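Quick notes on the structure that follows.
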Amino acid sequence: MDTAATESKAIFYLRVSTDRQADGAAAQLELLRAAARNVGMDLQISQDALTSAIAFRKTEVGSLYLDFGISGYFDSTRPGYQKFLKRALSDASITHVFTPARDRIARPEDAAEFASREHRIRAAGKTLVVGTKVLLPLRRGDDNIVDTITASLEYGQGRAYLDGLANKMVAVKAHKAKAGCWTGGRAPYGFVRVLLDPQGCVVRALKDGESIRQPGYTVSLRCGNLDCIQVWNDLILRNYDPSGGNIGGKQIANLLNARNVPSPDAGRSRRGKYDQDARQVPGTWTGSMVYALIDNPAIVGVLRYGKRGMGEHARLGENGIPRKLTSAEAPSPDAPAKTIENPLDIQIAVQGNWMLKDGSLLGVDGKKCFQADLSVWERCQRKRKANAGSQRGVPRCHDPYKYPMAGLVRCSDCGNVMHGIPSASGLRYTCGTYINSGGAKCGHNWVLQENLLPDVLATIRESALPKVEDLRNTLKKLVAERIAVARSVDDGASLQTERDRQARIVQKSLESISTAQDEDERQGLRQIYRRERAKLEGIEAELKSSKVEQTIEKPTNDLVEAAVQELVALRCKLDDITDRREVAQLLRSLNVRVWLKFKKAHWGKRLVNRLDTGVICIGHAPNPPGVVDSLGMVNRGDRI
Ligand SMILES: [Zn+2]
């Protein structure tokens, strides 16, 4: 019985794969340590002891048992595991037995065997901790059938491997972050990533996206561009500082844009959700960019990891332990995994080695290059906290169909997509160029969804869809013609005439291709040729069989009715905007695009942009003339 933590004694097992041993083993050790801490125990093995054990291929270090190699899935090649198991079952002083995730231990064929070993360990009165899961000792008669089934499933499943991998990634990153290594992606504004040798000396600066795996080498940050650091400190922090400029993030963005300061992502290209080709980002500042820098502690020498939770399989949890996604975060067929803001106690923040104790930031050359002002930064943080409600665990968008026209509405002035944004008066679509540039480009063009959506749907209903009676009559007429033709071609002679006529059309369309003016026209003519050619082949096939179906009349009436019913259903959908998911899918299936033009209008004494006209394109209809060429080029930079 484990009555108190002081009397508890634990053993641990981990397996080291040969590739990138150090990383994997360190992460596993960190996982074991975290799991031990969770049940109030301590794993007294240092990282160094582990490193030397790996170097000398020891299978036992104090309470830790080890195995090596990828092929260590066979019991015979697992001396460490054998010793570990023997001790777990025979040493009465052991109260807790720790193993990493199950997929680290068994191959699928072994699943049942390993599940039964778990059972034996627990039946021997030990608490078994697998990964982060705590399995209590079993007493005689305890029913653990569920645990056994779960265990065999987990040992055997590919899913477990995936989760394990994701957990490992989170643990490795958390572990590295705790050790002061930069594990994030791009360096913050004005900083550059540098490669440090095992002694902690800068080897060289790393390029964007460059990744290096060298044992003992780590990545950190250094000041890369002093101008940017000065913008960050002097123009952003000092202007936001309540004891300084005391203005808001959006105003700071305007100020930076007015001074033509390039934004952090200027010069990069990106393919947006609604873009077909990558574009250069506009290079202008937005309020949220400014706030991101105000919140980023890199400028005061702090390395922060895990501000956002955004993994699909595992995320950073308490004490650096990976956790599973909650049901609200988990991805679904409709929506990707939700990004959340982690609470402060989950985020990892340590002193980065790019700042000296006196508060000076270091350059790549190791020399002091900038004196950071901690008090300004702290005042800014207090103002941020006071101004912003807690974003703890708040998903960014609750309802993927909140804006059923998302991506379909464009601003005619600049060609950009209009974004769905909530406002006090209701949900709006606002020009993306205006939003992305923090108000510097295009204009404040917006329209309320509740005004726009019914209009768009009504227009589709009235102008694009046929009336029910019209459709029925047209279809009936078509069917009648088909039947008439079918009857007339019944005698071979008329079919032969038809064939000769069609052959002439095919010949003509073939000749016309060579006279085409340009590639577009040639393309069109080729299509006509192919169509006529297909018709000809159809007639020839009919001639060959010389038998014509006579029984098409009855089923065609049913088909006409089915088509009419389809139309009726479609019209109903267009009347009802309560089911936004339905509306969103309908608009997309019809390939609806809406182009909105705005004009200046007086609103009281102010001059505002009012919706003037709109063009709705449906199906294959081309975009309105003029807009395709300008699409995205005016304000979002050039196409790549
Ligand atoms: Zn615009």
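Because the structure is a prediction, the values reported are computed rather than measured.
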The test is side-chain contact (heavy atoms from CB on, under 4.5 Å); show your working for Leu256 and Val290 and say whether it passes. CA-CA 10 Å; Leu256 291 167; Val290 169; 4.3 Å; yes
Tell me the closest heavy-atom pair linking Val61 and Ala53, and the distance in Å. CG2-CB, 3.4 Å
Go through the steps for Thr286 and Lys250 under the test side-chain contact (heavy atoms from CB on, under 4.5 Å), then give the verdict. CA-CA 7 Å; Thr286 65; Lys250 216 170 159 184; over 6 Å; no
I need the minimum non-hydrogen distance between Val302 and Ala349, along with the two atoms involved. CG1-CB, 4.0 Å
According to the interplanar angle, ranging from 0 to 90°, do the rings of Phe84 and Tyr13 count as parallel (below 30°), tilted (30 to 60°) or perpendicular (above 60°)? tilted
Which is it for Leu135 and Glu118 under the side-chain contact (heavy atoms from CB on, under 4.5 Å) test, yes or no, and what are the steps along the way? CA-CA 9 Å; Leu135 302 163; Glu118 280 191 4; 4.0 Å; yes
For the side chain of Asp197 and the backbone of Cys201, is there at least one donor-acceptor N/O pair under 3.5 Å apart? yes
Quick one: does Leu14's side chain get under 4.5 Å of Leu64's, heavy atoms only? yes
side-chain contact (heavy atoms from CB on, under 4.5 Å) for Gln381 and Asp295? Distances and angles first, verdict last. CA-CA 7 Å; Gln381 298 313 300; Asp295 294 345; 4.1 Å; yes
Just verifying a value: how many Å separate Ile229 CD1 and Ile236 CD1, rounded to the nearest 0.5 Å? 10.5 Å
Would you check if Arg323 and Val170 make a side-chain contact, meaning some heavy-atom pair closer than 4.5 Å? no
Using atom types as modelled and distance alone, determine if a side-chain donor or acceptor of Ser360 lies under 3.5 Å from a backbone N or O of Leu356. no
Quick check: do Asp91 and Ile11 have side-chain heavy atoms less than 4.5 Å from each other? no
Residues forming a side-chain contact (heavy atoms from CB on, under 4.5 Å) with Ala177, sequence neighbours excluded: Thr183, Leu303, Tyr305, Ile348
Ionic contact status for Asp365 with Arg222, cut-off 4.0 Å: no
Of the non-hydrogen atoms in Leu361 and Cys223, which two are nearest, and what is the gap between them? CB-SG, 3.8 Å
Nearest heavy-atom approach of Val97 to Ala88 is CG2-CB, 4.0 Å
Are the side chains of Val231 and Tyr189 in touch, meaning some heavy atoms are under 4.5 Å apart? yes
Taking all non-hydrogen atoms of both residues into account, name the closest pair between Ile45 and Ser63 and its distance. CD1-N, 4.3 Å
Does the side chain of Trp285 reach to within under 4.5 Å of the side chain of Leu293, using non-hydrogen atoms? yes
Short side-chain to backbone donor-acceptor contact, Arg193 and Arg186, under 3.5 Å: no
With no hydrogens and no angle check, is any side-chain donor or acceptor of Thr95 less than 3.5 Å from a backbone partner on Lys126? no
Could you check whether any side-chain N or O of Gln347 sits under 3.5 Å from a backbone N or O of Arg304, counting only pairs where one atom can act as donor and the other as acceptor? no
I need the minimum non-hydrogen distance between Val202 and Val364, along with the two atoms involved. CG1-O, 3.8 Å
Could you tell me whether a side-chain N or O of Trp354 sits under 3.5 Å from a main-chain N or O of Ile299, the two making a donor and an acceptor? no
Where the side chain of Asp241 meets the backbone of Cys380, is there a donor-acceptor pair that is under 3.5 Å apart? no
Would you say the side chain of Phe370 lies within less than 4.5 Å of the side chain of Gln230, judging by non-hydrogen atoms? yes
Looking at side-chain heavy atoms only, is the closest gap between Thr218 and Lys176 below 4.5 Å? no
Report yes or no: do Arg87 and Tyr65 form a side-chain donor-acceptor pair below 3.5 Å? yes
Dump the intermediate steps for salt bridge (charged side-chain N to carboxylate O under 4.0 Å, His left out) on Asp42 and Arg33, then the final yes or no. CA-CA 7 Å; Asp42 196 9; Arg33 200 192 300 283; 5.2 Å; no
Taking atom types as modelled, find out whether Asp373 and Ser375 have a side-chain donor-acceptor pair closer than 3.5 angstrom. yes
Is it the case that Lys383 and Asn246 place a side-chain donor and acceptor less than 3.5 Å from each other? yes
Using only atom types and a distance under 3.5 Å, with no angle test, would you say the side chain of Asp67 pairs donor to acceptor with the backbone of Tyr81? yes
So Ile340 and Arg315, do their side chains get closer than 4.5 Å, heavy atoms only? yes
Quick one: do the Thr59 and Lys83 side chains pair a donor with an acceptor below 3.5 Å? yes
